[in-house]
Amino acid sequence: MDTFIKKIITSQLIIYILRCVIGFLIGYEIMTAYPEHDLFWVLLSIILVISPEGKDSRRLTNDRVKSNLIGSMVGLCCVFINHEPTISLITVGIVATCIICYVLKVMNMARVAIVALLIVLLQPHLSNIELTPIFRAGTVVLGCFIGFSITLFSSIIIRKLKKHYKITES
């Protein structure tokens, strides 16, 4: 049993799969519990934020959360400029998102930020057009929080297990 546990806690693949499955199950449960709301974006954001275990796991997850927030906030700003985003406004949003990611030193996660921007701006609105972009940004933030929590808590458990089994970080 000890050998089995050691293999699990030292395998980036198994840890990543477990995190993704846990994230999917949580996101799917939220999505199906409230079918009247467009909560697919919670699920998508959870998966976008989760990182495989490794020495940079927390930093990567943190950067993904920041980039999701950047994209969501730029998307909201675009909506406040024009409720029906045009191609030119979306293009400006992409440029602004990339610049903000660069300034905040999360350029490696700019694609995640752009996805968040597009979630807020392009997905067809199913409800009140005025509130939908704000609601979408909120669902992205909720997904980021859940994904970050999964990575954080699993890292703590893995670290304790590695300490218990005297496994050193490589």
Applying side-chain contact (heavy atoms from CB on, under 4.5 Å) to T3 and Y165, what does each step give before you reach the verdict? CA-CA 10 Å; T3 306; Y165 288 104; over 6 Å; no

Run the side-chain hydrogen bond (donor to acceptor under 3.5 Å, both in side chains) test against R111 and tell me which residues pass, sequence neighbours left out. none

Show the nearest heavy-atom pair for residues S45 and G143, with the distance to one decimal. CB-CA, 3.8 Å

Considering residues at least two apart in sequence or located in another chain, which fulfil the side-chain hydrogen bond (donor to acceptor under 3.5 Å, both in side chains) criterion with D63? R59

Interatomic spacing from CD1 in I90 to CG in L117 - rounded to 0.5 Å: 7.5 Å

Between side-chain atoms of residues 91-109 and protein atoms elsewhere (two or more places apart, or another chain), which donor-acceptor pairs fall under 3.5 Å?
unit_1, atom_1, unit_2, atom_2, d
T91, OG1, I87, O, 2.8
T97, OG1, G93, O, 2.7

Separation between CD1 of I15 and OG1 of T10, rounded to the nearest 0.5 Å: 7.5 Å

Least distance between heavy atoms, M31 atom then F40 atom: SD-CA, 3.6 Å

Please give me the minimum heavy-atom distance between V140 and S72, naming the atom from each residue. CG1-OG, 3.3 Å

Would you compute the distance between atom OG of S149 and atom CD1 of I50 and round it to the nearest 0.5 angstrom? 10.0 Å

S67 side chain vs R64 backbone, donor-acceptor pair below 3.5 Å: yes

Residue that, paired with V141, satisfies side chain to side chain contact (heavy atoms under 4.5 Å, CB included) out of N68, V65, L69: L69

Out of curiosity, does I146 fall in the hydrophobic cluster containing F135 (side-chain heavy atoms, cut-off under 4.5 Å, transitive links)? yes

Indicate, with yes or no, if I156 and I167 share a hydrophobic cluster defined by side-chain heavy-atom contacts under 4.5 Å among Ile, Leu, Val, Met, Phe, Trp and Tyr. no

Under 4.5 Å between any side-chain heavy atoms of F145 and V42, yes or no? no

Decide side-chain contact (heavy atoms from CB on, under 4.5 Å) for T139 and D38; before the verdict, give the C-alpha distance in whole Å, the side-chain angles of both, and the deciding distance to 0.1 Å. CA-CA 9 Å; T139 62; D38 191 16; over 6 Å; no

Sequence neighbours left out, what passes side-chain contact (heavy atoms from CB on, under 4.5 Å) with I81? Give chain and number order. L89

By side-chain hydrogen bond (donor to acceptor under 3.5 Å, both in side chains), which residues pair with S88, not counting sequence neighbours? T86

Can you tell me how far apart CZ (F153) and CZ (R19) are? Round to the nearest 0.5 Å. 12.5 Å

Interatomic spacing from NE2 in H164 to CD1 in I9 - rounded to 0.5 Å: 9.0 Å

Nearest atoms (heavy-atom pairs only) where G75 meets L121: O-CD2, 3.4 Å

How about I30 and L43: do any of their side-chain heavy atoms sit closer than 4.5 Å? no

Could you tell me the separation between the CD1 atom of I119 and the CZ atom of R136, rounded to the nearest 0.5 Å? 8.5 Å

Do the side chains of I70 and V112 get nearer than 4.5 Å, heavy atoms only? no

With the 4.5 Å side-chain cut-off for hydrophobic clustering, are L60 and V49 part of the same group? no

With a 4.5 Å cut-off on side-chain heavy atoms, are L152 and T61 touching? no

Ring pair (Phe, Tyr, Trp, His ring centres under 6.0 Å) involving Y28 - partner list, sequence neighbours excluded: F24

Check whether any side-chain heavy atom of L161 lies under 4.5 Å from a side-chain heavy atom of I8, and answer yes or no. no

What's the shortest heavy-atom distance between G27 and I46, and which atoms? CA-CD1, 3.7 Å

Test your reading of the model: is there a side-chain donor-acceptor pair from S154 to the backbone of T151, 3.5 Å cut-off? yes

Cluster overlap L44 with F148, hydrophobic side-chain contacts below 4.5 Å: no

